[in-house]
Number of protein chains: 2
Amino acid sequence: MSKLTLKSVAKTLGVSTATISNAFNRPDQLSVALRQKILQACHELGYFGPNKAAQSLRKGSSGIVAVILSDSLEYMVSDPVASQFLQGVSRELERHQLHLLLFSGQATNLEAISDFVDGFICYGAPRNTGLIEQLRHSRKRVLTVDFDLAGRPSVNIDNEQAAFDSAMAVLRPKDTVAVLGLRLIDAAGSQPVGDKPMWDNQSSIAHRRLDGYQRAMQQCGLTLAADYLWHIPESNQNYAREAARAVLAMSPRPTVLLCMSDLIGLSAMREALQLGLRIPQDIRVVGFDGIEETLRYHPTLTSVWQFSDQKGEAAVRAFLNPDDTTLQLPYELRLGESS
Amino acid sequence: MSKLTLKSVAKTLGVSTATISNAFNRPDQLSVALRQKILQACHELGYFGPNKAAQSLRKGSSGIVAVILSDSLEYMVSDPVASQFLQGVSRELERHQLHLLLFSGQATNLEAISDFVDGFICYGAPRNTGLIEQLRHSRKRVLTVDFDLAGRPSVNIDNEQAAFDSAMAVLRPKDTVAVLGLRLIDAAGSQPVGDKPMWDNQSSIAHRRLDGYQRAMQQCGLTLAADYLWHIPESNQNYAREAARAVLAMSPRPTVLLCMSDLIGLSAMREALQLGLRIPQDIRVVGFDGIEETLRYHPTLTSVWQFSDQKGEAAVRAFLNPDDTTLQLPYELRLGESS
DNA sequence: CTGTTAGCGCCTTCAG
DNA sequence: CTGAAGGCGCTAACAG
């Protein structure tokens, strides 16, 4: 059983190489009958179509789009928001007959795959900042989601305004406010931000959201006391619970919790209920993202819905769209029983 | 800024294409000084090295190895055993200057990437059986782990013997035994296996382990009552807890739980303790895999340690090793406080 | 150490 | 529908 290339197959079938190529790539260039016959014969031979590497070299595109996650696969994929986004991406790519290549934001070797893909969709700023440099210089198409890269198209929501809206929905005069923030500083555990240096003011969605919260509080004549701004390193239950517990034990106890993800919001509500607090009478909670689980929980969580699956689809369309417009997606404030 | 190919770069630097190529690929072929100068110049030009797709076409290998997970990325990556395995794989690949491409066992389009990789390491039988067919016919190197594919090299442990050993370590005369098994049938929730058709007797590690348990019980003059064999669809806490609870509520209550993963074993112990049972006085528990968490838990869990990270490294070495030997890795029975 | 050359497997064009 | 030719970007072998 020798090499099985387009040329060798053409010879054994006794047709021209162009015909084999056309049978796979341009059905209109030959009769249906001949095409069927060829495809059938190839299948029996075990020839599954033109070599993709050669095809990619010749055509200049491979039909593979890399999605770069901001964090490790572990983390991203266990987060319902990220995983919804990925579903949207993969659905829309499929629609265009494109393939998805998942790439960890911790990886270092973008160059290793760069030549095999048609471009990159980056979901959140990669944890490994070296990647950002590589993306900046890449000659391939790059689309960013939830952060910006100079000169590259992006897809986002207005995090500042959304956070503002959500805060305005819960804040009352005289409230004591606590913010349970996501990745505000570069620290491993849940902890008050205090005066530690902020992570990356510019492009971080966490800071845009914080800005929105601050603006809302200002408008309500409130201020955020120093120790009431908490950093949570990852959107998972353990970290969130830890922070929620600590914040609920503070004196005076907050009457409002502004949470930068629904996972955090849910954990906070659980802790509050466990302490015997009533929601929303004793304490109000607002989340961010919009995940299904908040609808099944009681009380339901007031939150900003950003429809991550549609965001994934939009990202692919923007990626494919040749004009480099940055896309601002709509969000929706949905009131639940928690406010 | 034009195309930036090896040829164009060679021309602008005024050297031969071979020299550029050698500068990147075969340092011994030119002086250190010249090489440095060239690399430096390339960096300034923004040329990051030869195009990988062309290189792959020419050399016939890309330096990328695909790891095919048996299941979705979500599941695999949240399982400590799988993630240890992946760590081992990625460490060993790095050592050989190779790159890792993660591929979901649910995907359908192996052909899409097949031409870009040097081969496949399959960790567990892919959930999507269509992939198995494709792997069978692939002209690339294929190595299987924890299952077998006719004519392909594989890496495994002796699951039957290991299960036997672990069972023999806990069984006593007159025991009432329950088995908390992993993916024994094709069903979504935790449930007794009953007379439902078994999943895939041949290659499934779950069934090899069950065989080992059965042999041990036979040797101890015990039998496994019909409803005491449980199916758990995924090795996660929720499913495991559900099964453990049900089994512990049966009458007579089991005095031994044979668990097909440590995650299941831990959940089972938690449930037992919560019911006020004493371990090992009232009930003995044995796990499988060997994960760190069992050492931090009290009581520590008797289990089969299979050193998944080393298994990952071994898999890569076997993949790279040209002779198609199937490798049987050692395991270690470690007694804990649970038996 | 350099330059040249012949492909790796494919797609496209163009004349038949 | 065929057949031939050119080239995608690169590497390996060989002669200088």
Side-chain angles (χ1 to χ4, degrees), chain A residues 2-39 41-42 45-64 111-118 139-140, chain B residues 2-39 41-42 45-64 111-118 139-140:
Chain A
S2 60
K3 286 297 287 184
L4 228 41
T5 70
L6 188 146
K7 200 199 287 186
S8 79
V9 168
K11 195 183 316 185
T12 68
L13 294 194
V15 299
S16 150
T17 59
T19 305
I20 304 284
S21 174
N22 286 332
F24 281 98
N25 303 317
R26 306 186 349 185
D28 54 306
Q29 297 293 304
L30 70 177
S31 72
V32 181
L34 179 58
R35 175 158 190 265
Q36 277 309 322
K37 208 186 78 183
I38 289 178
L39 259 30
C42 285
L45 255 59
Y47 179 73
F48 296 113
N51 181 296
K52 297 285 192 297
Q55 213 168 21
S56 148
L57 184 57
R58 174 64 228 247
K59 301 216 263 207
S61 74
S62 66
I64 300 179
E111 292 303 329
I113 59 148
S114 181
D115 291 326
F116 297 112
V117 303
D118 295 343
R139 320 180 84 74
K140 304 270 179 174
Chain B
S2 61
K3 287 296 286 185
L4 227 42
T5 71
L6 188 145
K7 201 200 287 187
S8 80
V9 167
K11 193 181 323 185
T12 67
L13 293 194
V15 299
S16 146
T17 59
T19 306
I20 305 284
S21 174
N22 286 332
F24 281 99
N25 304 316
R26 305 179 3 180
D28 53 307
Q29 298 293 302
L30 70 177
S31 72
V32 182
L34 179 57
R35 175 156 189 265
Q36 276 311 321
K37 208 185 78 182
I38 289 178
L39 260 30
C42 286
L45 255 58
Y47 179 74
F48 296 113
N51 181 296
K52 298 285 193 297
Q55 213 167 21
S56 150
L57 184 59
R58 174 66 228 244
K59 303 215 265 204
S61 74
S62 65
I64 300 181
E111 292 302 330
I113 58 149
S114 181
D115 291 326
F116 296 113
V117 303
D118 294 344
R139 321 182 83 75
K140 303 272 179 172

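Rounded to a whole Å, the CG atom of A:D115 is 11 Å from the P atom of D:dG9. Between the P atom of D:dA4 and the NZ atom of A:K11 lies a distance of 11 Å, rounded to the nearest Å. When the P atom of D:dC1 is taken as reference, atom CG of A:D28 falls 11 Å away, rounded to whole Å.
Between B:F48 and B:F24 the shortest side-chain heavy-atom distance does not fall below 4.5 Å.
Although no hydrogens or angles enter the test, the distance criterion places no donor-acceptor pair under 3.5 Å between the side chain of B:S61 and the main chain of B:G63. For the pair A:K3 (side chain) and A:S8 (backbone), a donor-acceptor distance under 3.5 Å is absent. Judged by distance alone, with hydrogens and angles left aside, the side-chain atoms of A:R35 form a donor-acceptor pair with the main-chain N or O of A:A23 at under 3.5 Å.
Applying the side-chain hydrogen bond (donor to acceptor under 3.5 Å, both in side chains) test to A:S62 and every residue at least two apart in sequence or in another chain returns A:D118.
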Anything under 3.5 Å between a donor and an acceptor, one on a side chain of residues 10-21 of chain B, the other on a protein residue two or more places apart or in another chain? List them.
{"residue": "B:T12", "atom": "OG1", "partner": "B:V9", "partner atom": "O", "Å": "3.1"}
{"residue": "B:S16", "atom": "OG", "partner": "B:A18", "partner atom": "N", "Å": "2.9"}
{"residue": "B:S21", "atom": "OG", "partner": "B:N25", "partner atom": "ND2", "Å": "3.4"}

Contact pattern, 5' to 3', of nucleotides 2-9 of chain C - B, S or - by protein heavy atom under 4.0 Å: SBB-BBBB
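Using a 4.0 Å heavy-atom cutoff across all strands shown, B:R35 reaches no nucleic acid atom at all.
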